[in-house]
Novice: 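Quick one: the structure is below, and I'll ask about it shortly.
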Amino acid sequence: MKTTANIEEIIEETERRNPGQSEFLEAVGVVLSSLAPVLDAHPEYRDAAIIERIVEPEQLHMFRVPWTTDNGEVRVNRGYRVQFSSVLGPYKGGLRFHPTVTTSVVKFLGFEQIFKNALTGQQIGGGKGGSDFNPHGRSDAEIMRFCQSFMTGLFRVIGPNTDVPAGDIGVGGREIGYMYGQYKRLTGRFDAGVLTGKGLSWGGSLIRKEATGYGLVNFVENMLATRSDDLEGKTVSLSGAGNVAIYAIEKLLALGAKPVTFSDSSGWIHDPEGVDLELLKDIKEVRRARVGEYAKERSSATFHTEGSPWDVEVDVALPSATQREVNAEQARALVKGGTKVVAEGANMPCEPEAQQIFQEAGLLYGPGKAANAGGVAVSALEMQQNDERQSWTKEKVETKLEDIMRSIHTQCVEASERYGGTSDDYVLGANAAGFTRVADAMLAQGLV
Ligand code: NDP
Ligand code: 2IT
């Protein structure tokens, strides 16, 4: 009882100190609410104020990012890097370029990243960053100038042993390339390990691009296996049409599942015949066009601007676009439609009420910090290859990714059972397993 009250007090204090940061407070609330049994079993965590310390970032950097459009107009955006926890290794986490990026958004992402990175078992701390820059409709030259200005604001606080950014929404291989070039120019060093998601010829890793989507599908396979089931013949709905969604679809198709939806901010596609991956890749990766193009070129598909992919009855749902994209009503619709598994490709796509609805309905619900950890896990493998100046084969990286996703699944199941939950409570399992690894390291390293 005392522990529960203590957690509530910490949540209240966190709300008081971070007014208006609704995404951050939501992420903190979900994690802390599940930790009461962990604190009961470990009074030493409470004595050392582990929770009070973990909700406070070690550093938060904010900087001006001025750039010029092709017409010569000056624009000013805001850059961020939150360095949340370095207890397990250098800060590690992506950069997001999207108009919705705020202090609250980077802090929620950085907070989640601490526990996600801990679950991978690798030596990486938690961080995140980005900008409220909107890349849509910008020319290649404008993207390059923006990335160069962003890196000029960022380069002093990152480094292969300090903080290692990567991609996230709006930041892919092209942006990482421009930022790496500018970092190298500013520092005069070829520090391959300062960014991950690099091109293959200059320090990138095979399978990094595919890793989040592939790992997500691996995690779903592990979840289904607990019910003696697999993905063969299963229908799957996804949101998003970016890095995560595209490579989840690729892996689903390889395993004989049928992905039937994807989306972007203009609307969503329903293709009951199963997604034509080559067409999707051409539209999104080559033409950088909107998803509506797909329905114009594929007769089995329809394009919708009303409703969402969660209106379609499927076996498995993989929200893979952004935060807060599945609310309580949509969760009820998925449950009613007979969905067996929901796993988060995106960070925090399911609202807390939606998570509760899934768990109460007894379906398998995989939270993002476990289900989408494959991307950052392969980023850590990329850092390892950079340290060794080696390039591993595709098979080697993919086998390691599968092993890591299996290990994350096992850690979730075991931690949930250890702290009084059911074997399929992946929320308790992921939070408890990630948190205890971080908390034990914090205890060992003293009050810093
Ligand atoms: P991308 O930028 O490659 O793709 C994002 C996709 O989601 C786009 O189709 C985009 O549409 C859509 N989207 C983004 N924001 C919105 C919005 N507000 N409303 C509707 N659609 C939106 O990003 P990623 O695929 O890399 O990231 C997707 C999610 O996965 C994010 O939550 C990210 O944090 C998470 N993630 C990513 C990892 C990675 O390795 N890349 C690792 C782990 C998690 P549009 O282009 O129209 O904006
Ligand atoms: O949310 C995430 O885990 C990412 N965007 C990937 C971070 C990384 O450092 O590879």
Side-chain angles (χ1 to χ4, degrees), residues 23 89-101 105-106 108-117 119-120 122 124-130 134-137 158 163-176 193-198 204-205 207-216 219 238-249 262-269 280 283-285 288-292 294 305 308-309 318-325 343-350 367-383:
E23 293 89 353
Y91 309 105
K92 182 82 197 85
L95 296 170
R96 176 178 294 190
F97 292 169
H98 195 273
T100 55
V101 168
V105 167
V106 292
F108 113 67
L109 290 163
F111 184 72
E112 286 286 291
Q113 200 83 42
I114 306 171
F115 308 106
K116 181 194 303 190
N117 293 4
L119 284 169
T120 68
Q122 290 154 309
I124 40 178
K128 201 83 187 191
N134 185 356
H136 278 300
I158 62 172
D163 185 351
V164 184
D168 193 81
I169 293 176
V171 178
R174 173 179 62 165
E175 292 75 18
I176 293 290
V194 71
L195 292 176
T196 59
K198 298 181 293 297
S205 174
I207 303 295
R208 173 59 190 93
K209 187 171 64 166
E210 295 84 353
T212 312
Y214 281 18
L216 171 66
F219 195 80
L238 298 100
S239 59
N243 176 263
V244 179
I246 288 175
Y247 292 95
I249 289 171
F262 56 85
S263 68
D264 65 14
S265 52
S266 68
W268 60 285
I269 292 287
L280 171 61
I283 290 168
K284 280 292 167 186
E285 296 188 332
R288 295 184 188 267
R290 314 305 288 165
V291 293
Y294 182 94
T305 52
S308 77
L318 305 177
S320 302
T322 192
Q323 64 272 11
R324 295 178 171 166
E325 49 164 329
E344 298 182 338
N347 287 304
M348 218 169 74
C350 300
K369 64 172 72 67
N372 70 38
V376 76
V378 173
S379 275
L381 300 178
E382 181 173 330
M383 290 162 70

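Both counts, for ligands and for their atoms, begin at 1 and track the order of listing. Just so it is clear, the values below take in all heavy atoms, side chains as well, and ignore hydrogens, waters and symmetry mates.
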Novice: Any idea which atoms of ligand 2 are less than 4.0 Å away from a heavy-atom of G93?
Specialist: 7 (C), 9 (O)
Novice: Quick check on contacts: which atoms of ligand 1 are under 4.0 angstrom from a heavy atom of N372?
Specialist: 43 (C), 44 (C)
Novice: Which ligand 1 atoms, with their elements, are less than 4.0 angstrom from a heavy-atom of A346?
Specialist: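 The atoms of ligand 1 under 4.0 Å from a heavy atom of A346 are 29 (C), 30 (O), 32 (O), 35 (C).
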Novice: Which of the atoms of ligand 2 are close to R208, meaning less than 4.0 Å from one of its heavy atoms?
Specialist: 6 (C), 8 (C), 10 (O)
Novice: Which atoms of ligand 1 have any heavy atom of S263 under 4.0 Å away?
Specialist: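 Listed by number with element, the hits are 9 (O).
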Novice: Side chain, backbone, both or neither: which applies to A166 and ligand 1 if a contact is any heavy-atom pair less than 4.0 Å apart?
Specialist: neither
Novice: What is the closest protein heavy atom to atom 9 (O) of ligand 2, and at what distance does it sit?
Specialist: K92 NZ, 2.7 Å
Novice: Please report the shortest heavy-atom distance between A370 and F219, naming the atom on each side.
Specialist: CB-CZ, 3.8 Å
Novice: I'd like to check which ligand 2 atoms, numbered from 1 as shown, lie under 4.0 Å from a non-hydrogen atom of A166.
Specialist: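 Contacts of ligand 2 toward A166, numbered from 1: 8 (C), 9 (O), 10 (O).
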Novice: Determine, stepwise, if the pair K128 / E112 fulfils salt bridge (Lys or Arg N to Asp or Glu O under 4.0 Å).
Specialist: CA-CA 10 Å; K128 201 83 187 191; E112 286 286 291; over 6 Å; no
Novice: Are Q323 and ligand 1 in contact, using a heavy-atom cut-off of under 4.0 Å?
Specialist: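 Not so, Q323 does not reach ligand 1.
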Novice: For R290 and ligand 1, does the shortest N/O to N/O distance drop below 3.5 Å?
Specialist: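 N/O-N/O distance under 3.5 Å: yes.
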Novice: Using a 3.5 Å cut-off on N or O atoms only, is G167 in polar contact with ligand 2?
Specialist: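 Yes.
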Novice: Please list, in number order, the atoms of ligand 1 under 4.0 Å from a heavy atom of G170.
Specialist: 2 (O)
Novice: As an exercise, identify every atom of ligand 1 less than 4.0 angstrom from a heavy atom of R96.
Specialist: 31 (C), 32 (O), 33 (C), 34 (O)
Novice: Give the residue, atom name and distance (to 0.1 Å) of the protein heavy atom nearest atom 5 (N) of ligand 2.
Specialist: D168 OD1, 2.9 Å
Novice: Quick check on contacts: which atoms of ligand 2 are under 4.0 angstrom from a heavy atom of K128?
Specialist: 1 (O), 2 (C), 4 (C), 5 (N)
Novice: For S266 and ligand 1, does the shortest N/O to N/O distance drop below 3.5 Å?
Specialist: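 So ligand 1 has no N or O lying under 3.5 Å from an N or O of S266.
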Novice: What residue and atom, counting heavy atoms only, is the protein's closest point to atom 7 (C) of ligand 2, and at what distance?
Specialist: G94 N, 3.5 Å
Novice: Of all the non-hydrogen atoms in the protein, which one sits nearest to atom 3 (O) of ligand 2, and at what distance?
Specialist: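 Result: K116 NZ, 2.8 Å.
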Novice: Find all atoms of ligand 1 within a distance of less than 4.0 Å from any non-hydrogen atom belonging to T212, and give their numbers and elements.
Specialist: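 Heavy-atom distances to T212 below 4.0 Å select 38 (C), 39 (C), 40 (O), 42 (C), 43 (C).
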Novice: Is there a side-chain contact between H98 and D168 (heavy atoms, below 4.5 Å)?
Specialist: no
Novice: So if I count the atoms of ligand 1 from 1 in the order they appear, which ones are less than 4.0 Å from some heavy atom of S320?
Specialist: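 Checking each atom against S320, I get 28 (C), 29 (C).
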Novice: So is S379 polar-close to ligand 2, meaning N/O to N/O under 3.5 Å?
Specialist: yes
